[in-house]
Number of protein chains: 2
Amino acid sequence: MKSNEIKEAALKYFTIHGYEGASLSQIAEEVGMRKQSIYAHFKGKDDLFLNVLRDAKETELTSKLQYFSKVDAENPEKDLYGFLQLIVDLFQKNEHVKFWLRMSFFPPAHLEKAITEEVVDIEEKVQVILEEKFQAWIDDGLIIKEEVITPTFAFLGVVDSIMLELVYGNDQKRLNDKIAASWTVFWRGVSHK
Amino acid sequence: MKSNEIKEAALKYFTIHGYEGASLSQIAEEVGMRKQSIYAHFKGKDDLFLNVLRDAKETELTSKLQYFSKVDAENPEKDLYGFLQLIVDLFQKNEHVKFWLRMSFFPPAHLEKAITEEVVDIEEKVQVILEEKFQAWIDDGLIIKEEVITPTFAFLGVVDSIMLELVYGNDQKRLNDKIAASWTVFWRGVSHK
DNA sequence: ATATAACTGACGAACGTTCGTTAAAAATTA
DNA sequence: TAATTTTTAACGAACGTTCGTCAGTTATAT
């Protein structure tokens with residue numbers, strides 16, 4: 001399907017140059033057509049963007065939900081560290097995550113509302129799942145007993161910081177060192193000695 | 001000085017809309033002049049942008065260096081948590097930090113090299129200072145004895161995650177909860193019981 | 001033959017930029 | 001001090017280019 005090729009090229013340019021910096025002619029050229037031909041597949045730039053956004057959301061959401069659904073949930077150390085690895089893999093495997101991150105935090109002004117809606121939706125779902133997991137681990141005595149929000153938010157913070165490092169991303173060693181450091185300290189901070 | 005007014009308006013629009021999304025006519029209108037008049041003060045859009053960038057860098061750098069220079073350095077818990085507060089204050093007091101963050105991670109493609117140079121410069125300087133502090137605290141037995149890079153990077157990770165939350169920033173309560181959670185877990189992870 | 005999807009051509013609008021000009025302020029000279 | 005020159009900072013008009021979009025036409029495929 002040609003629509004998917006267009007979305008793929010659009011994803012690339014939106015990610016690199018942002019909404020305003022990406023031009024339809026560049027996107028069309030990447031696919032090998034004229035920019036006017038895009039209008040046979042999408043109503044316009046906004047429509048194309050929102051389609052890419054929804055694809056990115058689905059990639060992001062299903063990957064994360066799927067991970068926690070097929071994890072045994074009896075070993076928080078393995079499960080949580082595995083989640084960090086998943087983030088890194090996702091980021092390096094497809095462009096969707098970087099696109100998602102950019103648009104989450106610096107959305108085009110006139111689409112901010114629509115974007116924020118989708119972002120909040122994912123955020124809430126992931127947070128709910130994480131809280132359930134942490135609560136179970138706390139009840140099992142695997143994680144320090146305290147308000148469940150504390151380890152949850154702290155872990156989400158680790159995820160965020162790693163994503164930032166991935167975006168920054170010109171230094172593989174630095175990335176690995178930062179992951180190791182954040183994980184070591186986090187785990188020591190939430191687990192029993 | 002009119003140049004400063006222009007830079008102020010430019011900072012605002014660059015922060016909200018990014019380099020490509022900010023237009024000289026909007027910036028000029030904010031100041032109360034025509035876009036052509038900007039060329040009496042700056043060579044062009046790039047020149048204006050780079051001037052704003054350098055201002056932002058100076059704000060960012062001097063604030064951080066100054067904080068650590070006038071801190072007594074005998075109480076890591078107070079000093080480090082104070083640094084987090086500084087970040088939050090800086091962010092909410094002036095627009096420079098948000099601008100800096102946006103351009104650090106999503107720079108306009110044709111200025112990426114120049115921007116990365118400045119970003120790396122700050123990053124290295126802050127890292128060096130933090131490592132010195134942590135080393136001293138480790139030697140004094142105030143922080144767990146391990147490679148100094150571990151608490152340093154972990155702390156920088158906490159800073160990053162808070163900055164992301166600040167950018168996201170439509171929820172003051174969530175921000176405070178995230179700071180509290182990240183700090184609690186971090187501190188438990190690097191300090192002795 | 002009926003869609004679908006590509007094309008050409010053209011549109012108004014906005015972009016960053018350059019030009020020549022004007023009026024006021026500052027510096028220099030008589 | 002008064003007259004002159006230079007500098008500064010704004011302007012309107014226009015440049016060439018690119019933008020997103022729309023209309024009409026041709027080619028492709030079911």
Side-chain angles (χ1 to χ4, degrees), chain A residues 1-56 95 99 102-103 106-115, chain B residues 1-56 95 99 102-103 106-115:
Chain A
M1 198 75 95
K2 260 290 165 25
S3 296
N4 288 336
E5 284 185 54
I6 296 174
K7 284 198 283 184
E8 224 170 285
L11 170 66
K12 175 178 164 183
Y13 281 95
F14 282 141
T15 304
I16 300 178
H17 298 106
Y19 178 89
E20 295 91 347
S23 79
L24 293 184
S25 31
Q26 286 178 318
I27 294 170
E29 194 185 5
E30 176 104 355
V31 184
M33 56 165 66
R34 306 269 134 175
K35 65 170 171 176
Q36 301 95 318
S37 307
I38 294 179
Y39 286 78
H41 301 267
F42 302 95
K43 287 185 211 160
K45 195 182 188 183
D46 281 5
D47 185 39
L48 172 57
F49 178 85
L50 291 173
N51 272 280
V52 173
L53 184 78
R54 276 177 214 117
D55 285 2
E95 202 104 348
F99 169 87
R102 174 165 198 159
M103 297 313 161
F106 303 109
H110 74 291
L111 296 176
E112 188 178 359
K113 269 198 83 175
I115 296 173
Chain B
M1 198 74 94
K2 258 290 166 20
S3 296
N4 289 337
E5 284 185 54
I6 297 174
K7 283 198 284 184
E8 223 171 284
L11 170 66
K12 175 178 164 184
Y13 280 96
F14 282 140
T15 303
I16 300 178
H17 299 105
Y19 177 89
E20 296 90 349
S23 79
L24 294 184
S25 29
Q26 285 178 319
I27 293 170
E29 196 185 2
E30 177 103 355
V31 185
M33 55 165 64
R34 305 275 139 173
K35 63 171 172 177
Q36 304 93 313
S37 308
I38 293 179
Y39 287 78
H41 302 267
F42 303 94
K43 287 186 210 161
K45 195 181 187 182
D46 282 4
D47 185 40
L48 172 56
F49 178 85
L50 291 173
N51 271 280
V52 174
L53 184 79
R54 276 176 215 118
D55 285 2
E95 202 104 347
F99 169 86
R102 175 165 198 159
M103 297 313 160
F106 303 109
H110 74 291
L111 296 176
E112 187 177 358
K113 270 197 82 174
I115 296 173

Do A:Asp47 and A:Asn51 meet the criterion of a side-chain donor-acceptor pair at a distance under 3.5 Å?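 The criterion, which ignores hydrogens and geometry beyond distance, is satisfied for A:Asn51 and A:Asp47.
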
Within residues 14-36 of chain A, residues whose heavy atoms come under 4.0 Å of DNA chain D: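 Those residues whose heavy atoms fall under 4.0 Å from DNA chain D, taken from residues 14-36 of chain A in numerical order, are A:Ala22, A:Ser23, A:Leu24, A:Ser25, A:Lys35, A:Gln36.
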
Under the rule for salt bridge (Lys or Arg N to Asp or Glu O under 4.0 Å), what residues qualify as partners of A:Lys12, not counting sequence neighbours?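 Residues passing salt bridge (Lys or Arg N to Asp or Glu O under 4.0 Å) with A:Lys12: A:Glu30.
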
Is it the case that over 12 heavy atoms from other parts of the model lie below 6.0 angstrom from the CD atom of B:Glu20?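 More than 12 within 6.0 Å, yes.
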
Take B:Lys45 and B:Tyr19, measure what side chain to side chain contact (heavy atoms under 4.5 Å, CB included) needs, and give me the verdict at the end. CA-CA 9 Å; B:Lys45 195 181 187 182; B:Tyr19 177 89; 3.6 Å; yes

Taking only residues two or more places apart in sequence or in another chain, which ones pass side chain to side chain contact (heavy atoms under 4.5 Å, CB included) with A:Thr15?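 Partners of A:Thr15 by the side chain to side chain contact (heavy atoms under 4.5 Å, CB included) criterion, ordered by chain and then number, come out as A:Leu11, A:Glu95, A:Lys98, A:Phe99.
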
Indicate for each nucleotide in nucleotides 20-26 of chain C, in 5' to 3' sequence, whether protein heavy atoms under 4.0 Å reach the base (B), only the sugar-phosphate (S), or nothing (-). -------

Taking Watson-Crick and G-U wobble contacts under 3.5 angstrom, with | marking pairs to another strand and [ ] crossing pairs, the secondary structure of DNA chain D is written |||||||||||||||||||.|||||||||.

Sub-4.5 Å side-chain heavy-atom contact between B:Met33 and B:Ile6: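 Yes, close enough: below the 4.5 Å cut-off.
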
Side chains of B:Leu24 and B:Leu48: does their closest heavy-atom pair fall under 4.5 Å?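 Yes; the side chains approach each other to less than 4.5 Å.
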
Grab the CZ-P distance between A:Phe42 and C:dT4 for me, whole Å please.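 After rounding, the reported distance stands at 16 Å.
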
Judged by atom type as modelled, is there a donor-acceptor pair below 3.5 Å linking the side chain of A:Arg102 to the main-chain atoms of A:Ile16?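 Yes: the side chain of A:Arg102 pairs with the backbone of A:Ile16.
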
Just the endpoints, please: which first and last nucleotides of DNA chain D, 5' to 3', lie under 4.0 Å from a heavy atom of chain A?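 Boundary nucleotides touching chain A, in 5' to 3' order, are D:dC19 to D:dC22.
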
